[in-house]
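Encoded as structure tokens, the structure appears first; notes follow it.
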Amino acid sequence: MRDEIRRNMPLFSIGIVTKLTELTPRQVRYYEQQELIKPSRTSGNQRLFSFNDVDRLLHIKSLMEKGINIAGVKEMLSGKKAESEAQAAATAPAQKPDMSDAELRKLLKRQLTELTARPNQNHLIRGELSRFFH
DNA sequence: GTTCTTACA
DNA sequence: TGTAAGGA
């Protein structure tokens, strides 16, 4: 499908992107550093974002607004198979404040496993953990 | 006028 | 993250 080439076609300057996403240039550049996006450059070193980049930034923005840190966002977007699992783990708690204890324990167990495997995703679950020690 | 990189209150 | 400096 050549729709892909259109979505990945570098078209927007950082100025347009910031207006489209409501993000500051600082944030956009920072996310690029974190390799969350990979805009191409013009011959003059100016960043050129594709529709996909904008879409990605919007996704990142929504994730950040849910209180997810860069590390977490990174794993969700860059991760291949870890994506759905990580996103579900991070999103579900925020959307289901009244989750049953059974569900919560199940979630906690899974996240505890994640914790030992990836220490940096720590505060992604810290909030949930506190709910257990009330 | 816009964007770029580096660096620091 | 914001912002200033110095260039392109």
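Atoms considered below: every heavy atom in the structure, side chains included; atoms not considered: hydrogens, waters and symmetry mates. Chain letters run A, B, ... following the sequence lines, proteins first and then strands; every chain starts at 1.
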A:Arg7 side chain reached by A:Met1 side chain, heavy atoms, under 4.5 Å: no

field: Any donor-acceptor N/O pair, A:Asp53 side chain to A:Ser50 backbone, under 3.5 Å
entry: yes

- line: What one should report as the nearest heavy-atom pair of A:Val17 and A:Leu57 is CG1-CD1, 3.5 Å

query: Rounded to whole angstroms, how far apart are CZ on A:Arg47 and P on C:dA8?
result: 17 Å

A:Lys61 and A:Leu23, any side-chain heavy atoms less than 4.5 Å apart: yes

query: Hey, does the side chain of A:Thr18 reach the backbone of A:Glu22 with a donor-acceptor pair shorter than 3.5 angstrom?
result: no

task: Measure the shortest side-chain to side-chain distance between A:Phe12 and A:Leu48 over non-hydrogen atoms and say whether it is less than 4.5 angstrom.
output: no

- line: Per the under-4.0 Å heavy-atom filter, residues of residues 14-33 of chain A near DNA chain C come out as A:Thr24, A:Arg26, A:Gln27, A:Tyr31

- prompt: Which stems does DNA chain B form, counting runs of 3 or more consecutive Watson-Crick or G-U wobble pairs with both distances under 3.5 Å?
  reply: B:4-8 with C:2-6

query: Could you go step by step and tell me if A:Glu32 and A:Arg41 meet the salt bridge (Lys or Arg N to Asp or Glu O under 4.0 Å) rule?
result: CA-CA 12 Å; A:Glu32 178 188 18; A:Arg41 301 290 186 124; 3.5 Å; yes

- line: Per side chain to side chain contact (heavy atoms under 4.5 Å, CB included), A:Phe49 is matched among A:Asp55, A:Ile37, A:Thr21, A:Leu11 by A:Ile37

